Amino acid sequence: MRRVHFGKGKKNYMEIKIKRKTLANIPAHMVLILWSLVSIFPLVWMFMASLKEQNEVFSNLSLIPQAWKFMNYVTAWNVGNFGIYFFNSVFYTAVTLGLALLLSSMAAYAFARFRFLGRNFFYFLFIGSLMIPIPGAFIPLYVLLIKLGLADTRLGLILPYTNASLALAIFILKTFFENIPKDIEEAAIIDGCGKFDMYWRIFLPLAKPAIATVSIFTVLNVWNEFLLALIVINNRNLMPIQRGIMVFQGEHLTDYPLLMAGLTIATVPLLVVYFFLSKYILKGITAGAVKG
Amino acid sequence: MARVVLKNVWKRFPDKPGKPKEAVKNINLSCEDKEFIVLVGPSGCGKSTTLRLIAGLEEATEGEIFIEDKMVNDVPPKDRDIAMVFQNYALYPHMNVYENMAFGLKMKKLPREEIKQRVLEAADILGITEILDKKPRVLSGGQRQRVALGRAIVRKPKVFLFDEPLSNLDAKLRVQMRAEISKLHTRLQATMIYVTHDQIEAMTMGDRIVVMKDGLIQQIADPITLYDQPSNKFVASFIGSPSMNFMDGTLVKKKDAVYFSEENFTVKVHDDHAAALEEYASRDLTMGIRPEDIFDKVYASNASPDNTITATVEVVEPMGAEALLYLTTGKSPFIARVASYEQLEVNQDIDLVFDMSKAHFFDKATEQTII
């Protein structure tokens, strides 16, 4: 960096340094702004389209609707049975999340802190399952669900969703548990903690960032899941929201404003969850050893 | 009575196949009721492993461990009636100070009122009442260490175990906390077993000190005995700061006197020691003499040709009230502690008097103390 001597009429070298740094940042900021616009635009288009008339969606190229049809949301909720679909999605997501967190945290604790025969084998079996594309397992899964009498039932979705969530959850939580210092565990042993108390009172409370990360991934995956719900569920009263939106897609005609309204309703809860849990994702990713 | 006894205790860890690592070898140790005993030694000597064996965090491969005359080899840590203070404090990050201190009592299912009373009592002793609602992450190192102490105190254990609790503190705080722990020992009248690698901590705090090396106990004695009568060269070098100077040479008998002869100097062995060393005449020995037992000839009252040598100053370290001189005889480097008013320069030759009544002699092969 070129240094300029202080003096009357000469520029301060700090001013030059700051100006050069600012100028260098402009292209980076332009790229980031462009990328943000590209990412946000579909959501904005979706929301704006939900407020238009059917014939306006593709004919009116402006984002701004001519008539602002907020009634589309009421119609989508009542006529489209969105209340039931919404409840089902919340139910499937909440139950899957609860089961996944309970099972994966216990498994991760065992993998992280216990020595037992086959520990590495079972752990890598879970991790290996991450490499299998889930739709690839749908056919045998569907056959299994039929044979177990679970097709077109709530359990028929909850069990596969939970199973699919376990591998990543165990991976994230195991890594987090391994980073908890051994002497905290030893202090708890001396204080009288058995294995379950250790898990429940010490490890689990310390794993909040990891649990938040696992929660967000699980909620996103279960809430957005469509293919398995399409295959397994035919009963409208059991359909989650992504499956239920299909009612607006007719054989000859798709009611786009109602469809967009339904999609917006489906998106809002995720945005809320992400808004509250996003800081934990960062903490979970960067969390190192916990020092007391 | 909270007496801790270790009988023929071994601890082996799996290392290479067929060759386990012996961290602790045949330890026999008896810590009396209310005694403050310090395990000291370099890293890897087995002192922490010994402490963990007493705590129950490690299982002894061989031998027996007794607490209060009851064998505890198969007793889990929570039932041994011990409390431990860790080097890294090991406070629970998600609990505040009160909860950290109360946790062990809660696990024992003590009544809430009793827990509260014990916690407040301990907090008062340690001066941490005002931080009971704080989480560990906002506390300073000294505060965290007090909380760790408090967590141990509330358990009212028979034995306190300390695993290098002051290692992570700065020098000034370490001095302060040393005194606090000593005061605590006097106040609580409890048996305390303290592990440290710092020989100053050991000397200032312990009723008795156990010096360890490579899994073996080198010597067990009170601080003064350890300082004046080390049993071998390792103990002599470990205790004392700066450590004892060692010079290799030969014992020479001349007429009725015995001399220690190094390549560049010869000094007469003190009359009290001559008889014991006569049998080592003409043999190679190591002489040990502490820096504080070496004096500038100008200021020494008992200088004579038999106890005076000439050495060259290599480094002068002023310490305030005194100075440390790093010297060499040409063959043997050594350190002398002199008064700071002595104005000395590097590469200056100086005459020094050895207080031979304080000299020690070690067998060169076995490194055991002869005198």
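Computed from a predicted model, the values in this text were never measured in an experiment.
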inquiry  = Give me the atom names and distance for the closest heavy-atom approach of Asp191(A) to Met107(B).
reply    =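 Heavy-atom minimum between the residues: O-CB, 3.3 Å.
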Distance from [X] atom [atom1] to [Y] atom [atom2], nearest 0.5 Å?
| X | Y | atom1 | atom2 | answer |
| --- | --- | --- | --- | --- |
| Ile202(A) | Phe103(B) | CD1 | CZ | 4.0 Å |
| Phe86(B) | Ile190(A) | CZ | CD1 | 4.0 Å |
| Lys182(A) | Asn88(B) | NZ | CG | 14.0 Å |
| Glu186(A) | Met84(B) | CD | CE | 6.5 Å |

request  = Return the option, out of Lys106(B), Met95(B), His94(B), Arg80(B), with the maximum number of heavy-atom pairs under 4.5 Å with chain A.
outcome  =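 Maximum pair count with chain A is reached by His94(B).
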Atom [atom1] of [X] with >12 non-hydrogen neighbours under 6.0 angstrom:
| X | atom1 | result |
| --- | --- | --- |
| Gln176(B) | CD | yes |
| Trp200(A) | CH2 | no |
| Phe122(A) | CZ | no |
| Leu37(A) | CG | yes |

ask   = Between the main-chain N or O of Ala188(A) and the side-chain N or O of Tyr92(B), is there a donor-acceptor pair closer than 3.5 Å?
value =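 Flag set: sc Tyr92(B) to bb Ala188(A) pair under 3.5 Å.
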query = Under 4.5 Å, heavy atom to heavy atom, which residues of residues 108-123 of chain B contact chain A?
reply =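 The stretch does not come within 4.5 Å of chain A.
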request  = Name the region of Leu105(B), side chain, backbone, both or neither, that has any atom closer than 4.5 Å to a heavy atom of chain A.
outcome  =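 Neither part.
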